[in-house]
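Just below is one structure, and these are the notes that go with it.
Order of the sequence lines sets the chain letters (A, B, ...), proteins ahead of strands, with each chain counted from 1.
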2 protein chains.
Amino acid sequence: MTGQAAVSFHQRIYGDIERRVLNGELRPGDRIPSEHELMAVYGCSRMTVSKALTALAAAGMIERRRRAGSFVARPRIERTVMEIQDFAVEAARAGQSYAYRLLARRIERLAEAEGSAFPVPAGTEVLRLDGLHQIDGVVMALERRSVMLDAVPHARETDFTTTAPGRWLLQQVPWSDAVHVISADLADAATARLLGVDKGSALLVLDRETRQTALTITQVRLIHPAALYRFVGHFNPGNG
Amino acid sequence: MTGQAAVSFHQRIYGDIERRVLNGELRPGDRIPSEHELMAVYGCSRMTVSKALTALAAAGMIERRRRAGSFVARPRIERTVMEIQDFAVEAARAGQSYAYRLLARRIERLAEAEGSAFPVPAGTEVLRLDGLHQIDGVVMALERRSVMLDAVPHARETDFTTTAPGRWLLQQVPWSDAVHVISADLADAATARLLGVDKGSALLVLDRETRQTALTITQVRLIHPAALYRFVGHFNPGNG
DNA sequence: TAGTGGTCTAGACCACGGG
DNA sequence: CCGTGGTCTAGACCACTAT
């Protein structure tokens with residue numbers, strides 16, 4: 001009964017669940033079948049099921065609670081890089097007020113591939129959103145975002161005047177992956193005015209492209225006054 | 001025989017090996033006792049030993065090879081963040097020449113805690129190293145480093161005139177962990193001259209403090225011309 | 001209280017690859 | 001060849017907690 005189909009049994013179980021989570025079939029908070037149920041489904045021992053689920057938990061894809069069951073976890077990105085850019089959370093933690101203010105909203109159809117570092121298929125309909133993140137009235141970031149409407153059609157009817165699109169998108173398309181590029185620049189006149197800093201002052205810039213299975217969902221550029229913002233990351237051999 | 005001493009058996013095995021690796025008692029490339037040997041040492045079943053070793057392998061701390069055994073892996077930091085800052089590797093990959101040039105070397109004894117973001121115990125003897133990283137003759141970074149001599153005494157007699165201290169330190173003290181802070185700044189006159197850029201141009205700055213079990217090993221500030229350098233990171237829910 | 005995950009056992013067969 | 005890791009079993013007892 002020892003299935004040896006190139007991949008092991010626990011890898012098969014791991015992969016099946018991983019795929020369903022990445023597909024969006026299973027969403028954060030959803031319950032995963034119990035070990036006993038998976039035993040029956042796959043026709044293997046509980047140890048084997050346990051090995052797969054334990055590995056999924058170690059990878060941060062699911063969370064396991066006694067008596068309750070196993071559940072799809074929130075995306076890891078939300079707990080790492082997002083953590084330092086979720087202004088609402090940061091503000092709340094420090095007892096400060098947070099506000100998002102929409103500056104501009106328009107829908108464009110891309111004639112050519114994007115001029116940025118990220119390639120975008122031409123002809124895609126894109127929702128452009130510019131906005132400011134403010135903490136206690138101070139502008140922490142200028143956000144320039146593009147949302148691919150074929151990937152996230154609901155964005156067309158969503159009101160972003162006071163809701164930051166970042167968190168909304170995370171709820172729409174969980175378990176994406178992302179490429180981050182961090183760079184520095186000088187403030188031009190227009191950017192300086194929006195951020196409330198001097199022209200020529202230093203800026204810390206984060207570009208992020210979020211994808212789901214090779215489909216681009218959104219691109220965002222977060223432009224921070226260097227005096228107000230830095231990125232902090234902790235790395236160790238054990239957990240990256 | 002089911003040991004239940006607050007931590008489980010496989011956690012105990014995992015922790016013991018992890019500690020020996022972080023202590024430096026086990027160094028990269030060293031062989032770890034086989035599963036059968038660990039069974040005897042801990043008096044438990046092979047499955048339990050296997051669970052610990054499998055988890056260590058998943059965490060990237062060890063590598064396992066059939067017939068050969070299990071071995072301490074190279075630090076993960078070297079494969080993630082370090083990767084984008086190892087100028088020698090980057091240059092070699094692009095077929096370009098790399099050079100490190102030492103600018104200044106001195107030994108100081110700290111009277112007060114460091115003025116930087118990182119706290120450093122006073123009274124520590126510190127080796128200060130300033131140097132330039134050049135690729136094809138172009139300065140990619142100005143490095144200002146402090147090496148704690150109590151943590152790395154060999155640094156006192158080491159020649160850093162052409163050897164970049166980063167790689168050397170990695171070999172001396174493997175399996176450290178680190179905190180990174182990325183920020184942006186404007187070039188003052190002195191820095192601009194060293195980097196070969198205009199005064200007031202944008203700089204991308206990386207501060208890193210490397211530790212080993214709460215003991216600071218080194219602090220480094222890498223100052224990059226923003227026009228020449230950016231940090232790229234890939235994140236996904238599976239592996240961070 | 002009952003269901004869930006957490007842990008552990010004492011075996012077993014297999015695949016791989018270094019000696 | 002044969003020691004090593006890779007996988008799997010069919011149980012078992014326990015800890016936790018939602019109900």
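- Residue A/K51 places its side chain closer to D/dT7 than to any other of C/dT4, D/dT4, D/dT7.
- Comparing C/dG5, C/dT9, C/dA12 against the side chain of B/R46 picks out C/dA12 as the nearest.
- Within 3.5 Å, a donor on the side chain of A/R67 pairs with an acceptor on the base of C/dA2, or the reverse.
- Closest to the side chain of B/T48, from the set D/dC8, C/dT9, C/dG5, is C/dT9.
- Using a 4.0 Å heavy-atom criterion, one finds that B/H36 contacts no nucleic acid atom at all.
- Listed nucleotides: C/dT9, D/dC13, C/dC16. Nearest to the side chain of A/M47: C/dT9.
- Residue B/I32 contributes atom CD1, which lies 21 Å from atom P of D/dG3 at whole-angstrom precision.
- Atom OH of B/Y14 is separated from atom C1' of C/dT7 by 17 Å (rounded to the nearest Å).
- Within 4.0 Å of A/R31, counting heavy atoms only, lie sugar-phosphate atoms of the nucleic acid but no base atom.
- Residues B/C44 and A/L53 both approach DNA chain C. Their nearest nucleotides, taken by heavy-atom distance, put A/L53 toward the 5′ side.
- In the set C/dT4, C/dT7, D/dC8, the nucleotide with an atom closest to the side chain of B/H10 is C/dT7.
- At a threshold of 4.0 angstrom between heavy atoms, the contacts of B/S50 include nucleobase atoms, whether or not backbone atoms are also involved.
- Using modelled atom types, no side-chain atom of B/D16 and backbone atom of B/I13 make a donor-acceptor pair closer than 3.5 Å.
- Picking from D/dT4, D/dT7, C/dG6 the nucleotide with the shortest atom distance to the side chain of B/R66 gives D/dT4.
- Across the protein-nucleic acid pair, B/F71 atom CZ and D/dG5 atom C1' stand 11 Å apart, rounded to whole Å.
- For B/S8 and C/dT7, the shortest distance from a side-chain N or O to OP1 or OP2 is below 4.0 Å.
- Using a 30° and 60° split on the angle between ring planes, B/Y42 and B/F9 fall in the perpendicular class, above 60°.
- Using modelled atom types, one side-chain atom of B/T54 and one backbone atom of B/S50 make a donor-acceptor pair closer than 3.5 Å.
- Counting to the nearest Å, the P atom of D/dT17 and the CD atom of A/E63 are 14 Å from each other.
- For A/A68, whose side chain is taken as the heavy atoms from C-beta onward, the closest listed nucleotide among D/dA18, D/dT7, C/dC8 is D/dA18.
- Ring-plane geometry between A/H224 and A/Y229 is classed as parallel, the angle between the planes falling under 30 degrees on a 0 to 90 degree scale with a further cut at 60.
- Rounded to an integer number of Å, the gap from CD1 of B/I13 to P of D/dG5 is 13 Å.
- Between B/Q11 and C/dG6 there is no side-chain N or O to OP1 or OP2 distance below 4.0 Å.
- For the pair B/L38 CG and D/dT4 C1', the computed distance is 13 Å after rounding to whole Å.
- Rounded to whole Å, atom P of C/dT7 lies 11 Å from atom CD of A/E35.
- Remark: C1' of D/dC8 and CZ of A/R12 are 16 Å apart, rounded to the nearest angstrom.
- DNA chain D is contacted by both A/S45 and B/R64; B/R64 maps to the nucleotide lying nearer its 5′ end (nearest heavy atom per residue).
- If you check distances only, the side chain of A/R65 never reaches the base of C/dG6 with a donor-acceptor pair under 3.5 Å.
- Cation-pi geometry between A/R65 and A/F71 is met: the NZ or CZ atom falls under 6.0 Å from the ring centre, inside 45° of the normal.
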Test side chain to side chain donor-acceptor pair (under 3.5 Å) applied to B/H133 and B/E143, step by step: CA-CA 7 Å; B/H133 297 270; B/E143 171 179 327; 2.5 Å; yes

